[in-house]
Each structure stands twice: as structure tokens, then as C-alpha cells.
Amino acid sequence: MSKIRNEAKIKNKIITAVREQLEHRALWLYLLRDEAAKRGIDPNEFSSAAIGRCGLIQGKNLVKKGKTKSLKGLKKMLFTKPVQ
């Protein structure tokens with residue numbers, strides 16, 4: 001099996017900053033799961049529920065902020081110029 005090399009090809013300052021934030025969150029989540037496992041807690045018992053709750057909270061906020069439940073309306077919230 002080949003080794004995965006995760007190397008950024010885009011060097012834009014904003015994209016680099018966003019990438020660093022995402023990498024930090026991923027590390028933080030990994031460490032939470034790792035610490036749970038070290039204490040004999042199966043991370044799979046709670047991780048899916050926590051991730052699902054996070055998605056529901058974010059979705060509810062998008063609907064509230066966008067004042068719409070339509071997918072076209074939410075698309076405008078998700079794909080704004082700054083996000084693009």
C-alpha cells in the first residue's frame with residue numbers, strides 16, 4: 001500500500017490559515033478519542049452521537065441565519081463569496 005502524503009499545493013495565505021484551523025480541529029478530535037480509549041471508554045460509543053449533534057446544531061443555525069429551509073436558500077449561506 002502506498003503512503004499518503006498530505007502536502008498543500010495552494011499557498012494562498014487565507015487558504016493556508018483555514019487549512020491550519022482544520023488540521024488543528026482534526027488533531028484535537030483525535031486526541032479526545034485517544035484519551036477516551038486510554039481510559040477504557042470506547043470512542044465509537046459516543047463519537048457518532050457527538051458528531052451528529054454538532055451537525056444538527058450547525059444545520060439549525062444555518063436555517064436560522066438564512067431564514068430558509070430550502071436547499072437553494074441554504075446553498076446561498078454555504079457558498080458565499082468568502083467561502084469560495
Side-chain angles (χ1 to χ4, degrees):
M1 187 157 72
S2 64
K3 185 176 180 179
I4 296 173
R5 297 181 58 89
N6 186 8
E7 296 177 8
K9 291 175 179 49
I10 300 172
K11 305 297 183 191
N12 176 288
K13 286 182 182 182
I14 294 173
I15 292 174
T16 299
V18 170
R19 182 181 179 90
E20 288 170 356
Q21 288 177 343
L22 293 172
E23 288 171 350
H24 182 265
R25 281 190 204 132
L27 176 61
W28 186 71
L29 291 171
Y30 166 77
L31 292 173
L32 283 173
R33 288 180 49 93
D34 187 55
E35 288 297 326
K38 286 180 183 178
R39 288 163 173 74
I41 303 166
D42 181 3
N44 294 323
E45 289 183 17
F46 65 87
S47 295
S48 293
I51 292 167
R53 283 176 60 199
C54 181
L56 291 173
I57 291 167
Q58 289 178 319
K60 186 177 179 179
N61 289 337
L62 279 172
V63 167
K64 184 178 177 182
K65 190 174 177 181
K67 298 180 179 115
T68 181
K69 289 185 179 181
S70 80
L71 291 177
K72 286 184 180 184
L74 291 175
K75 178 181 170 185
K76 290 177 186 175
M77 293 297 303
L78 292 169
F79 301 106
T80 60
K81 284 291 181 189
V83 173
Q84 292 173 12

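In this chain, numbering begins with 1 at the start of the sequence shown. Since the model is a prediction, treat every value here as computed from it, not as a measurement.
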Are more than 12 heavy atoms, taken from residues, nucleotides or ligands other than [X], located less than 6.0 Å from that residue's [atom1] atom?
{"X": "L71", "atom1": "CG", "answer": "no"}
{"X": "Y30", "atom1": "OH", "answer": "no"}
{"X": "I10", "atom1": "CD1", "answer": "no"}
{"X": "L27", "atom1": "CG", "answer": "yes"}

Please assess R39 against E35 for the test side chain to side chain contact (heavy atoms under 4.5 Å, CB included), listing each intermediate value before the final yes or no.
CA-CA 6 Å; R39 288 163 173 74; E35 288 297 326; 2.5 Å; yes

Can you list everything that forms a salt bridge (charged side-chain N to carboxylate O under 4.0 Å, His left out) with R25? Sequence neighbours excluded, please.
none

Got a second to check how far D34's CG is from L29's CG, nearest 0.5 Å?
12.5 Å

Tell me, with the steps shown, if R19 and E23 meet side chain to side chain contact (heavy atoms under 4.5 Å, CB included).
CA-CA 6 Å; R19 182 181 179 90; E23 288 171 350; 3.2 Å; yes

Of all heavy-atom pairs between K69 and V63, which one has the smallest distance, and what is that distance?
CG-CG1, 3.7 Å

